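Structure first, then comments.
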Amino acid sequence: MSPRRIRVERLIAVLGAAVLILGALLLWLVTRDGVLGGRPPSPEERAGAQLRDHLGPVAVVRYTERGRRRAVCGYVSAGDDPVVFISRPNRILLETDPLKAEFDEMLRDVCPGFLTRAPNVGAGGRR
């Protein structure tokens, strides 16, 4: 065997070991909760992220209530008076949006009774 042949075989072995180590590390990271998409966000966490994207970092969720079909309804404030919101997996609607009729219809559909009873706000502002 020539010295060049030995170097190529050694390089292949080192690269193979590196691929196996990186694969094991990636598998370990993926299976841990909360790392690299391990645990999906809760509906309340999803709503908070949507509201921060929509209203900016000053958005503060004051109250949430789970509705039908993975919806979350609640109150958010961004410096002004609290505003009612509806969070769906791929959409956020506020009562101040121009689509008021659509908002009212969706609120009746996914969170019936939300605005017809006083919120039971416990410690931390959420139920």
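Since we're looking at a predicted model, the values are computed, not measured. Just so you know, residue 1 is the first one in the sequence shown, and it goes up from there.
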So which atom in [X] and which in [Y] form the shortest heavy-atom distance, rounded to 0.1 Å?
| X | Y | result |
| --- | --- | --- |
| Cys73 | Val110 | SG-CG2, 4.3 Å |
| Arg68 | Pro112 | NH2-CG, 3.4 Å |
| Gly67 | Cys111 | CA-SG, 3.9 Å |

When hydrophobic residues are tied together by side-chain contacts of less than 4.5 Å, even through go-betweens, does Tyr75 share a cluster with Met106?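 Same hydrophobic cluster.
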Could I get the full list of side chain to side chain contact (heavy atoms under 4.5 Å, CB included) partners for Glu95, not counting sequence neighbours?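 Counting only residues at least two positions away or on another chain, Glu95 forms a side chain to side chain contact (heavy atoms under 4.5 Å, CB included) with Val83, Val84, Lys100, Phe103.
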What I'd like to find out is whether the side chain of [X] reaches to under 4.5 Å of the side chain of [Y], using heavy atoms alone.
| X | Y | result |
| --- | --- | --- |
| Val72 | Glu65 | no |
| Val76 | Leu94 | yes |
| Arg69 | Asp109 | yes |
| Arg52 | Pro57 | no |

To the nearest 0.5 Å, tell me how far Arg7 CZ sits from Arg10 CZ.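 Between Arg7 CZ and Arg10 CZ, I get 10.5 Å after rounding to 0.5 Å.
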To the nearest 0.5 Å, what is the distance between CG on Leu15 and CD1 on Ile12?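 Separation between the atoms: 8.0 Å.
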If a pair satisfies salt bridge (charged side-chain N to carboxylate O under 4.0 Å, His left out) and one of its residues is in residues 15-25, list it, with sequence neighbours excluded.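 Applying salt bridge (charged side-chain N to carboxylate O under 4.0 Å, His left out) to every pair that reaches into residues 15-25, excluding sequence neighbours, yields nothing.
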Evaluate the criterion side chain to side chain contact (heavy atoms under 4.5 Å, CB included) for residue pair Ile92 and Ile86; output intermediate values, then yes/no. CA-CA 6 Å; Ile92 187 85; Ile86 303 169; over 6 Å; no
Who pairs with Arg91 by salt bridge (charged side-chain N to carboxylate O under 4.0 Å, His left out), at least two apart in sequence or on another chain?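 Salt bridge (charged side-chain N to carboxylate O under 4.0 Å, His left out) list for Arg91, sorted by chain: Glu102.
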Test side chain to side chain contact (heavy atoms under 4.5 Å, CB included) applied to Phe85 and Thr64, step by step: CA-CA 9 Å; Phe85 71 87; Thr64 61; 4.1 Å; yes
Return yes if some donor-acceptor pair links the side-chain N/O of Asp104 with the main-chain N/O of Ala101 below 3.5 Å, else return no.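 No; judged by distance alone, with no hydrogens or angles, the pair does not exist.
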Arg46 side chain to Ser42 backbone, donor-acceptor under 3.5 Å: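 Pair absent, no side-chain N/O of Arg46 close to backbone of Ser42.
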Residue of the set Gln50, His54, Glu44 for which side-chain contact (heavy atoms from CB on, under 4.5 Å) holds with Ser87: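 Running side-chain contact (heavy atoms from CB on, under 4.5 Å) over Gln50, His54, Glu44 with Ser87 returns exactly one hit, Gln50.
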